[in-house]
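A short worksheet on the structure shown next.
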Number of protein chains: 2
Amino acid sequence: MARVGRREEILAIACRLFSQKGYHGTTIRDISEACGILSGSLYAHINTKEDLLFEITDRGAEAFLGSLEPIVKSGKTASQKLREAVKAHMHVIEANLEAATVFFHEWKALTGDRYEQIRKKRDSYERLWAAILEEGIKSGEFKQLDEKLARLLVLSVANWTYQWYRPGGKLKADEVADRFVEMILIGFQA
Amino acid sequence: MARVGRREEILAIACRLFSQKGYHGTTIRDISEACGILSGSLYAHINTKEDLLFEITDRGAEAFLGSLEPIVKSGKTASQKLREAVKAHMHVIEANLEAATVFFHEWKALTGDRYEQIRKKRDSYERLWAAILEEGIKSGEFKQLDEKLARLLVLSVANWTYQWYRPGGKLKADEVADRFVEMILIGFQA
DNA sequence: CCTACCGATCGGTAGG
DNA sequence: CCTACCGATCGGTAGG
């Protein structure tokens with residue numbers, strides 16, 4: 001029989017496996033065996049393998065969007081917003097490293113409408129960052145940067161985090177974010 | 001019969017497909033059909049599917065290493081080295097976008113010794129960047145940065161490029177590199 | 001490079 | 001959630 005909370009357990013296991021071996025590199029049997037059930041039994045909980053990928057990536061997208069929206073809407077300065085945005089982004093990755101890895105690395109394996117849904121949410125997320133940078137450039141708080149390139153720089157740093165950050169290392173996500181923002185704001189040059 | 005240059009053609013086609021659909025998402029039949037031959041015929045040119053992935057990623061690794069080594073060894077200032085290093089990195093990506101995508105996105109699908117070989121070359125590449133940053137920090141040319149975090153920042157920007165850069169866009173790789181380095185050196189803050 | 005094929009495994013289903 | 005299974009496809013091979 002279907003256990004209560006079993007679906008969440010399956011999602012967590014699929015998330016771990018997708019993050020380690022990729023979506024196409026993970027089989028239904030990999031997931032079911034890690035759950036301690038047979039492959040056919042998985043279909044009491046899901047309809048297709050892609051359901052798992054979509055739910056993982058969609059939750060990821062919502063986590064990033066939900067953490068950034070209030071920051072953009074706040075009345076703080078662009079520098080403060082930038083700092084908090086990077087922190088929020090790092091926090092989402094820290095709290096859901098496997099899901100973040102799947103979100104960044106595997107979302108293109110989605111097909112059709114689901115691919116489009118996630119693509120749109122990624123676009124929305126980028127627009128929120130654009131708003132912060134545009135504000136800082138317009139107000140004179142930042143230099144006269146090319147907004148798109150400045151955004152690409154910040155998002156590169158933020159998005160690459162899942163590739164190297166491991167919870168339990170020397171630095172907490174919060175400290176990493178602070179140091180990155182400091183370097184971005186004041187530059188390397190002495 | 002095996003055509004002259006056929007192997008290079010197969011590599012280029014595999015590279016394109018791996019970059020579009022991922023290594024595990026691409027089948028031997030996808031590759032052979034794109035070549036206009038049958039799947040079994042592919043094995044007149046290769047031994048395994050993983051051979052293709054290894055050759056693509058290994059060439060990628062060599063391209064990055066080969067372009068950075070002379071810059072690190074040159075007698076220029078750390079800032080100049082940093083600028084040229086970012087440019088060289090972007091040039092490699094620009095000239096081999098599909099291979100770069102496979103190199104960054106699919107190398108973890110390699111197994112055993114081949115995984116280790118590429119991992120080591122990636123480590124070597126990072127050490128070359130570390131040398132530039134250490135030099136700049138030690139000489140006082142850069143601020144007293146945490147070398148590892150500074151390196152992560154620069155490499156995040158450089159490595160993320162394959163995700164968004166498309167040749168034929170408004171900016172050439174060289175200009176993008178220049179602007180990124182400028183922002184990294186002098187910062188956003190007005 | 002083709003013909004012809006192999007065993008293994010894939011995602012998924014019917015019925016209980 | 002198991003038993004039992006499906007057709008399709010996978011990477012790869014033997015022989016020419």
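Naming convention: chains lettered A, B, ... in sequence-line order (proteins, then strands); numbering from 1 in each chain.
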Decide whether a cation-pi geometry holds between [X] and [Y]; the criteria are a distance under 6.0 Å from NZ or CZ to the six-membered ring centre and an angle within 45° of the ring axis.
X	Y	value
A/Lys120	A/Tyr115	no
B/Arg122	B/Phe103	yes
A/Arg83	A/Phe180	no
A/Lys143	B/Phe188	no

I need the [atom1]-[atom2] distance between [X] and [N], as an integer number of Å.
X	N	atom1	atom2	answer
A/Ile46	C/dT13	CD1	C1'	13 Å
A/Leu42	D/dT3	CG	P	16 Å
B/Glu50	D/dG12	CD	C1'	14 Å
B/Asp51	D/dG11	CG	P	14 Å
A/Asn47	C/dG11	CG	C1'	13 Å

Strand contacts (DNA chain D) in residues 13-41 of chain A, 4.0 angstrom heavy-atom criterion: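 The answer is A/Ile37, A/Leu38, A/Ser41.
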So what's C/dT9 paired with, Watson-Crick or G-U wobble, going by both distances under 3.5 Å?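 The answer is D/dA8, by the H-bond criterion.
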Nucleotide opposite D/dG15 in a Watson-Crick or G-U pair, distances under 3.5 Å: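 The base-pairing partner of D/dG15, which may sit in any strand shown, is C/dC2.
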Have A/Thr101 and A/Glu98 got a donor and an acceptor in their side chains that come within less than 3.5 Å?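 Side chains of A/Thr101 and A/Glu98: no pair found under 3.5 Å.
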Are any of the side-chain nitrogens in B/Asp51 or B/Arg114 under 4.0 Å away from the carboxylate oxygens of its partner?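 Yes, charged N to carboxylate O under 4.0 Å.
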When you get a sec, tell me which of C/dG11, D/dC1, D/dG12 is the closest nucleotide to the side chain of B/Thr48?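 Side chain of B/Thr48 sits closest to D/dG12.
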With respect to the phosphate group of C/dT13, does any side-chain polar atom (N or O) of A/Tyr43 fall under 4.0 Å of OP1 or OP2?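 Answer is no, no contact under 4.0 Å.
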